[in-house]
J.: 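The following block contains the structure, expressed as structure tokens.
Model, not experiment: these values are computed from the prediction.
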Amino acid sequence: MLSGSRALAASLLLFAALPTATAAAHDGHDADVHPEAWILVDADSGAVLSAHNDHEALPPASVVKVMTALVALEEAPLDSEITVSADAASRPARRIAMREGQVWPLEDALASMLIVSANDAAWAVAEGVSGDLDSFADDAERIGERYGMQDSTFADPAGLDDGVYSHGEGSRFSAYDLAIAARNFLAVPELAQLPPLPTYEFTGPDGVPHRLLSQNTLIGTYDGATGLKTGSTERAGHTFIATAERDGRTMIAVVMGTADPYGHAARLLDQGFATEPAAEGIGETLPAVAVTTHDMRSAFLGGAPPTLRPLVEAAFAASVRGYEWVQPPTPTAEQGVDDPDGAGATVQDSNADDGAGAPWVWILVGAAGSLLFLLLARRRSVMARRRLREARRRELAEAARRGTIHVVQSAGGQSEGERVRKHPSMRGRDGRRVGVGVPPGRADR
């Protein structure tokens, strides 16, 4: 009777505890069952390996600074300088203590923004390269569309979203679009080298030395971790773009709205490295990398003579997905323009047609593109045949060494009088060499 009472009491206690346990299991902030959104991408192939709610636009917090950095280098040279405005200097922490009127190297501002997530640096960068935040947002929207982003709207370059210190109500990004930004970010060496750094040291414009320490604790604790950016606001919760490289493979994991960004990101990265390199994942693939920084364009176009500049611009535009080249306006007869080559010549006649807009130019560009394609295709075909011949040569050498049967097939396949022979060391019963597939009485002599 006593044991029965104990069992009844235990049952009552169990049932009393069930509502509390159930509530905790469904409370995303306490139990943190899974992030509000996530995506796992093979950065090399672009294949989406795992995803949840990855196309919903959510507050991104400071991970949006990855996109801010990309837009900055799309619009300005890395060695340029920016002037700090009063608005930028007044952003709340985290900050690098910029002062109004200071002139900062863009590179140091980017490092401050990416390594210690300085909000004042993010605003200063955006205003410095585009003039004001609205123009920077327009630039980000345009560049994001070229990258293939689908779900996001850009507003605040720092990731602020409180409606007080933020620009408007802040940006909204999907995990999918953040993965696109991360993949393009990794393709820019000047940017990709910053997040893995344990420290970054420089002297500010006021003569004060700065030593930036990485805020990403995944680096140094997760095998192969290379970055990329952490974020947190009251509205967004914790967000994280994590990247790692192992055995020549790179993975991107984005988690949004979670209490455990590092744990979830690490588990996603583990899942990614456990897949086969050619895994197709869930069937969705990120757009190809389309970043083209200001310095990249300058390097590509700088060596072209003025007469060929339109063709080079057109070739560049054709080689970068979604890139639109806007031809500069033609100078008027009263305006003299310095010769880009420094020869001192000026353009005086606005009616002179340099042929850039003539149909024959675009026909020439199309023909050149087609010829280049054919040449590349021809080269690939030649290389493939060369590799095949080399493989056959090695096969023949191995067969001769081992004395095994070797098959030689004609271009038309094995037909009558098939050319299949045994190795010369193999002989028939009469001691003479014989052929396999050779009609009787016609042994190979």
J.: Heavy-atom count around Asp247 CG within 6.0 Å, excluding the residue itself: above 12?
T.: no
J.: Might you work through the side-chain contact (heavy atoms from CB on, under 4.5 Å) test for Glu107 and Tyr200, ending with a clear yes or no?
T.: CA-CA 11 Å; Glu107 185 174 11; Tyr200 180 95; 3.9 Å; yes
J.: As a quick check of understanding, evaluate side-chain contact (heavy atoms from CB on, under 4.5 Å) for Tyr147 and Glu74, giving each step before the final call.
T.: CA-CA 12 Å; Tyr147 289 174; Glu74 288 263 5; 2.7 Å; yes
J.: Any side-chain heavy-atom pair from Leu70 and Ile143 closer than 4.5 angstrom?
T.: no
J.: Can you see whether Ser117 engages Lys229 through a side-chain donor-acceptor pair at a distance of less than 3.5 angstrom?
T.: yes
J.: Is any side-chain heavy atom of Met149 less than 4.5 Å from a side-chain heavy atom of Met67?
T.: yes
J.: Is there a salt bridge (charged side-chain N to carboxylate O under 4.0 Å, His left out) between Asp139 and Arg142? Walk through the geometry before answering.
T.: CA-CA 5 Å; Asp139 291 337; Arg142 170 177 50 82; 3.1 Å; yes
J.: For a quick check under 3.5 Å, do Gln215 and Thr230 share a side-chain donor-acceptor pair by atom type?
T.: no
J.: Heavy-atom distance under 4.5 Å between the side chains of Pro60 and Thr239, does that happen here?
T.: no
J.: Using 30° and 60° as the class boundaries, would you call the ring planes of His52 and His34 parallel, tilted or perpendicular?
T.: perpendicular
J.: Between Tyr165 and Trp123 (judged by ring centroids, cut-off 6.0 Å), do the two rings come close enough to count as a pair?
T.: no
J.: Which atom names give the shortest non-hydrogen contact between Ala158 and Asn119, and what distance separates them?
T.: CB-OD1, 3.5 Å
J.: Have Ser166 and Asp156 got a donor and an acceptor in their side chains that come within less than 3.5 Å?
T.: no
J.: Just so I know, are the side chains of Leu110 and Glu190 near enough to count as touching, which here means a heavy-atom distance under 4.5 Å?
T.: no
J.: Are Ile39 and Val48 close enough that some pair of their side-chain heavy atoms sits under 4.5 Å apart?
T.: yes
J.: Less than 4.5 Å apart, any side-chain heavy atom of Pro35 and any of Met256?
T.: no
J.: Any heavy-atom pair between the side chains of Asp223 and Phe273 that's under 4.5 Å?
T.: no
J.: Count the heavy atoms of every other residue, nucleotide or ligand shown that sit under 6.0 Å from CD of Gln150, and state whether that count exceeds 12.
T.: yes
J.: Taking all non-hydrogen atoms of both residues into account, name the closest pair between Val255 and Ala265 and its distance.
T.: CG1-N, 4.2 Å
J.: Sort out for me which residue in Leu49, Asp42, Leu40 forms a side-chain contact (heavy atoms from CB on, under 4.5 Å) with Thr275.
T.: Leu49
J.: For the pair Asn53 (side chain) and Glu36 (backbone), establish whether a donor and an acceptor sit closer than 3.5 Å, ignoring hydrogens and angles.
T.: yes
J.: Could you walk me through whether Phe240 and Leu218 satisfy the side-chain contact (heavy atoms from CB on, under 4.5 Å) test, starting with their C-alpha distance in whole Å, then the side-chain angles of each, then the deciding distance to 0.1 Å, before giving a yes or no?
T.: CA-CA 10 Å; Phe240 188 26; Leu218 196 70; 4.0 Å; yes
J.: Closest heavy-atom contact between Leu133 and Pro157?
T.: CD2-CG, 3.9 Å
J.: Taking Asp44 first and then Arg249, would you say they form a salt bridge - that is, a charged N and a carboxylate O separated by under 4.0 Å?
T.: no
J.: Considering the options Asp120, Leu73, Ile82, Val71, which one meets the side-chain contact (heavy atoms from CB on, under 4.5 Å) requirement together with Val125?
T.: Ile82
J.: How close do Pro195 and Ser214 get, heavy atom to heavy atom, and via which atoms?
T.: O-OG, 4.2 Å
J.: Has Arg91 got a side-chain atom pairing as donor or acceptor with Ala118's backbone, closer than 3.5 angstrom?
T.: no
J.: side-chain contact (heavy atoms from CB on, under 4.5 Å) for His238 and His264? Distances and angles first, verdict last.
T.: CA-CA 11 Å; His238 290 283; His264 287 301; over 6 Å; no
J.: Just to verify, what does Glu81 make a salt bridge (Lys or Arg N to Asp or Glu O under 4.0 Å) with, not counting sequence neighbours?
T.: none
J.: Answer whether the closest heavy-atom distance between the side chains of Leu186 and Leu228 falls below 4.5 Å.
T.: yes
J.: Are Asp270 and Arg246 close enough, and set up right, to give a salt bridge (charged side-chain N to carboxylate O under 4.0 Å, His left out), and what steps lead you there?
T.: CA-CA 11 Å; Asp270 285 342; Arg246 292 182 189 171; 3.8 Å; yes
J.: For residues Thr226 and Ala244, report the shortest heavy-atom separation together with the two atoms involved.
T.: OG1-N, 3.8 Å
J.: Could you pull out the closest heavy-atom pair between Ala155 and Gly170, with the gap in Å?
T.: CB-O, 3.5 Å
J.: Ring-plane angle category for Phe202 and His210, please: parallel below 30°, perpendicular beyond 60°, tilted otherwise.
T.: parallel
J.: Is the closest basic N to carboxylate O distance between Arg172 and Asp177 below 4.0 Å?
T.: no
